[in-house]
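Remember, it's a predicted structure, so these values are computed and weren't measured experimentally.
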Amino acid sequence: MTQITLRRPDDWHLHLRDGAMLQGILPESRDFARAIVMPNLVPPVVTGDDARHYRDRILAALPEGQAFEPLMTLYLTETTEAVDVAAAHASGLVKAVKLYPAGATTNSASGVRDLEKVRGVLETMAEIGLPLCVHGEVTDPAVDIFDREAVFIERVLAPLRQKTPGLRVVMEHITTRNGVEYVKNGGDDIAATITTHHLIINRNHILVGGIKPHYYCLPVAKREEHRLALREAATSGGTSFFLGTDSAPHADAAKESACGCAGCFTATNTMPLLAHVFEEEKALDRLEAFASLNGPAFYRLPTNETTLTLVKRETPSHFPTRIETGAGPVTVFDPGFPVHWAVA
């Protein structure tokens with residue numbers, strides 16, 4: 001197969017940042033019709049008004065002719081008000097609420113430390129069908145960083161779902177076989193996003209031959225057995241798994257430092273990379289389900305009517321090394337191998 005046309009995909013986990021960075025990297029999501037936009041700005045997007053103003057800034061930054069709908073989220077804090085969440089959802093503005101365990105990742109200091117303090121919000125979300133997106137890692141310093149997702153499932157996610165029947169959960173950017181199995185067996189109220197980069201790299205890519213800061217992300221890439229489990233899940237056609245790039249831009253100076261930021265920037269080349277991965281797994285016929293169908297189904301939104309075509313060429317595709325922004329250059333994820341697929 002040298003050409004595939006699918007309904008235009010969506011990105012169910014995207015960081016757009018704000019200000020000069022937003023203006024510089026928003027055009028790179030041109031292949032996607034919609035995206036769940038992460039709320040971890042500084043200060044975070046906590047209220048419906050915050051989300052409305054952020055959405056206005058995103059739309060103002062859109063290049064002329066780029067069709068893109070930001071799907072807004074709220075950052076869950078221990079002072080979030082259930083009535084505000086319900087109103088933002090009822091207005092059609094907010095499509096999910098994001099749970100960051102405090103200190104788990106970039107700009108997560110305002111996150112939740114005690115889930116009992118947000119019990120009322122979670123119960124309201126269960127009643128109205130508003131999904132909870134979770135960054136699935138514990139922050140206990142006694143837990144090894146490579147085990148934090150598995151421990152989160154056991155200590156936090158399973159008890160949370162048991163205490164809040166009907167709560168619809170997206171376990172974002174899963175990185176382990178544990179996550180895959182939990183979602184597979186979790187019923188209709190749970191799904192998971194899988195990133196492009198976690199389908200391609202394992203922890204060796206970060207560490208062998210010298211530290212590669214542009215492969216460092218959170219959750220951190222795991223052993224090869226986990227990468228293979230993610231590829232199996234993404235290409236299986238299973239409706240519980242869909243694309244969330246977690247494309248996370250940081251200026252190169254912030255990545256290439258003594259304490260580098262976590263995040264891989266994949267918005268630019270995700271669709272050609274996915275075509276490569278799905279072709280390797282002999283599953284190109286399932287790419288549309290993963291990138292275009294499963295996400296809208298879980299979020300109870302219509303699929304896109306427009307299409308996107310990918311073509312395979314003899315000459316490898318050329319992707320930019322970095323994107324220049326007013327906030328500094330942002331390095332584009334390099335898969336480390338030639339990619340012959342391109343968006344037509």
Nearest 0.5 Å please: distance from the [atom1] atom of [X] over to the [atom2] atom of [Y].
| X | Y | atom1 | atom2 | value |
| --- | --- | --- | --- | --- |
| Leu230 | Ile194 | CG | CD1 | 5.5 Å |
| Ile201 | Cys264 | CD1 | SG | 5.0 Å |
| Phe319 | Leu273 | CZ | CG | 5.5 Å |
| Arg17 | Gln23 | CZ | CD | 15.5 Å |
| His276 | Ile200 | NE2 | CD1 | 7.5 Å |
| Ser292 | Met271 | OG | CE | 6.0 Å |

Among Thr239, Thr193, Asp10, Leu243, whose side-chain contact (heavy atoms from CB on, under 4.5 Å) with Asn294 holds? Thr239
Test side-chain contact (heavy atoms from CB on, under 4.5 Å) applied to His135 and His13, Lys98, Met38, the passing residue: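 It is Lys98, the one option of His13, Lys98, Met38 that forms the side-chain contact (heavy atoms from CB on, under 4.5 Å) with His135.
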Should [X] and [Y] count as side-chain neighbours, where that means a heavy-atom distance under 4.5 Å?
| X | Y | value |
| --- | --- | --- |
| Ser29 | Leu14 | yes |
| Val118 | Leu99 | no |
| Asn40 | His15 | yes |
| Ile36 | Val170 | no |
| Arg52 | Met72 | no |
| Glu137 | Thr139 | no |
| Arg55 | Leu93 | yes |
| Glu149 | Tyr182 | no |

Do any N or O atoms from the side chain of [X] and from the backbone of [Y] form a donor-acceptor pair under 3.5 angstrom?
| X | Y | value |
| --- | --- | --- |
| Lys212 | Gly210 | yes |
| Tyr215 | Asp334 | yes |
| Arg161 | Gly186 | yes |
| Thr80 | Leu76 | no |
| Asn304 | Thr306 | no |
| Arg7 | Glu288 | no |

Is NZ or CZ of Arg168 both nearer than 6.0 Å to the six-membered ring centre of Phe298 and within 45° of the ring axis?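 Yes, a cation-pi geometry.
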Can you tell me if CD on Glu324 sees more than 12 non-hydrogen neighbours from other groups inside 6.0 Å?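 Counting other residues, nucleotides and ligands, CD of Glu324 exceeds 12 neighbours.
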Assess the pair His198 and His226: is the distance between their ring centroids shorter than 6.0 Å? no
Check for me whether the distance between the ring centres of Tyr299 and Trp12 falls short of 6.0 Å. yes
Can you classify the ring geometry of Phe278 versus Phe290 as parallel (below 30°), tilted (30 to 60°) or perpendicular (above 60°)? tilted
Would you tell me whether [X] and [Y] have side-chain atoms, one donor and one acceptor, within less than 3.5 Å of each other?
| X | Y | result |
| --- | --- | --- |
| Asp246 | His197 | no |
| Thr47 | Asp84 | no |
| Lys222 | Thr176 | no |
| Thr196 | Thr270 | yes |

The side chain to side chain donor-acceptor pair (under 3.5 Å) partners of Arg113 (sequence neighbours excluded) come to none
Could I get the full list of salt bridge (charged side-chain N to carboxylate O under 4.0 Å, His left out) partners for Arg227, not counting sequence neighbours? Glu224
Salt-bridge test for Glu281 and Arg286: reply yes if a basic N is under 4.0 Å from a carboxylate O, no otherwise.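 Result for this pair is no, no salt bridge flagged.
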Worked verdict on Asp252 versus Lys255 for salt bridge (charged side-chain N to carboxylate O under 4.0 Å, His left out): CA-CA 5 Å; Asp252 285 352; Lys255 291 286 290 179; over 6 Å; no
